[in-house]
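Step one of this worksheet: look at the structure below.
Side chains are part of it too, since the values below use all heavy atoms of this structure and drop only hydrogens, waters and symmetry mates.
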Amino acid sequence: MGQVPPDAAAQPLPEYAERVLDVAELIPPGRVMTYGDVAEWLEEGGPRQVGRVMALYGGGVPWWRVVRSDGVLLPGHELRALERYREEGTPLRQASRAAQGHVPKLDMRRARWDGGALVDGGAPAVGGAPADGGAEGDAAGDARPQAPEAHT
């Protein structure tokens, strides 16, 4: 994770990549955003573009907090991510006995962060309540983040 291509090492980080990494750094410990959430927050790109940025440049930021929407841990990095989730108290769901290696999934309903509750000049407030006072999203827990200027 986060292997910068050899030809990119001498080049400046693309602006979009910088913006994606900035969002990853805002996500509070114990919370996650999906690749699509990050793209929506930025109002640019999509989940695949965010995933590409994280794969190429994400090693220096909390990469484990930018995740798949189904809560499945990043293939090939499951154990490293799981260690981080447990350290941070990120909500997890028990793996079914049929799951390979019995690796848990993220509990997206409880772990997903909407990008709200920024305080003290941009530092995220730690806690489970969204900034809008508790909007939960739909039954699948698909609350989407709003860009800061979109909050009313």
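- Across all their heavy atoms, Pro47 and Ala39 have their closest contact at N-CB, 4.2 Å.
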Trace of the side chain to side chain contact (heavy atoms under 4.5 Å, CB included) decision for Leu106 with Leu73 | CA-CA 7 Å; Leu106 291 161; Leu73 306 190; 3.9 Å; yes
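- Across every non-hydrogen atom of Val66 and Ala24, the tightest pair is CG2-CB, 3.8 Å.
- Looking only at side-chain heavy atoms (C-beta outward), Trp64 and Thr90 stay at 4.5 Å or farther from each other.
- Of all the heavy atoms in Pro29 and Glu88, the pair that sits closest is CA-OE1, 3.5 Å.
- Note: Glu87 CD to Leu82 CG = 10.0 Å, rounded to the nearest 0.5 Å.
- Separating the CG atom in Leu13 from the CD atom in Glu18 is a distance of 5.0 Å, to the nearest 0.5 Å.
- Taking all atoms of both residues into account, the shortest heavy-atom contact from Ala111 to Pro91 is CB-CD, 3.8 Å.
- A distance of 7.0 Å separates CZ of Arg31 from CG of Asp114, quoted to the nearest 0.5 Å.
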Under the side chain to side chain contact (heavy atoms under 4.5 Å, CB included) criterion, do Glu40 and Thr34 qualify, and how do the steps go?
-> CA-CA 10 Å; Glu40 189 170 328; Thr34 68; over 6 Å; no
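- At least one side-chain heavy atom of Val67 sits less than 4.5 Å from a side-chain heavy atom of Met108.
- By the criterion of side-chain heavy atoms lying less than 4.5 angstrom apart, applied directly or through intervening Ile, Leu, Val, Met, Phe, Trp or Tyr residues, Leu92 is grouped together with Val103 in one hydrophobic cluster.
- Counting only distance, with no hydrogens or angles, the side chain of Gln49 and the backbone of Gly46 share a donor-acceptor pair below 3.5 Å.
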Going through the checks in order, is the side chain to side chain contact (heavy atoms under 4.5 Å, CB included) test met by His77 and Trp63?
-> CA-CA 10 Å; His77 301 277; Trp63 54 267; 4.0 Å; yes
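- Between Val23 and Val50 the shortest side-chain heavy-atom distance does not fall below 4.5 Å.
- You'll find the side chain of Arg65 stays beyond 4.5 Å of the side chain of Trp113, heavy atoms only.
- The minimum heavy-atom distance linking Pro75 with Arg68 is given by the pair CG-NH1, 4.1 Å.
- To the nearest 0.5 Å, atom OH of residue Tyr85 and atom CD of residue Glu78 are 10.0 Å apart.
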Decide yes or no on side chain to side chain contact (heavy atoms under 4.5 Å, CB included) for Val61 and Met54, but give the supporting numbers first.
-> CA-CA 9 Å; Val61 299; Met54 293 304 295; 4.0 Å; yes
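- The CG atom of Leu42 sits 11.0 Å away from atom CG of Asp37, with the distance rounded to the nearest 0.5 Å.
- Put simply, CG on Leu21 and OH on Tyr57 are 9.0 Å apart, with the number rounded to the nearest 0.5 Å.
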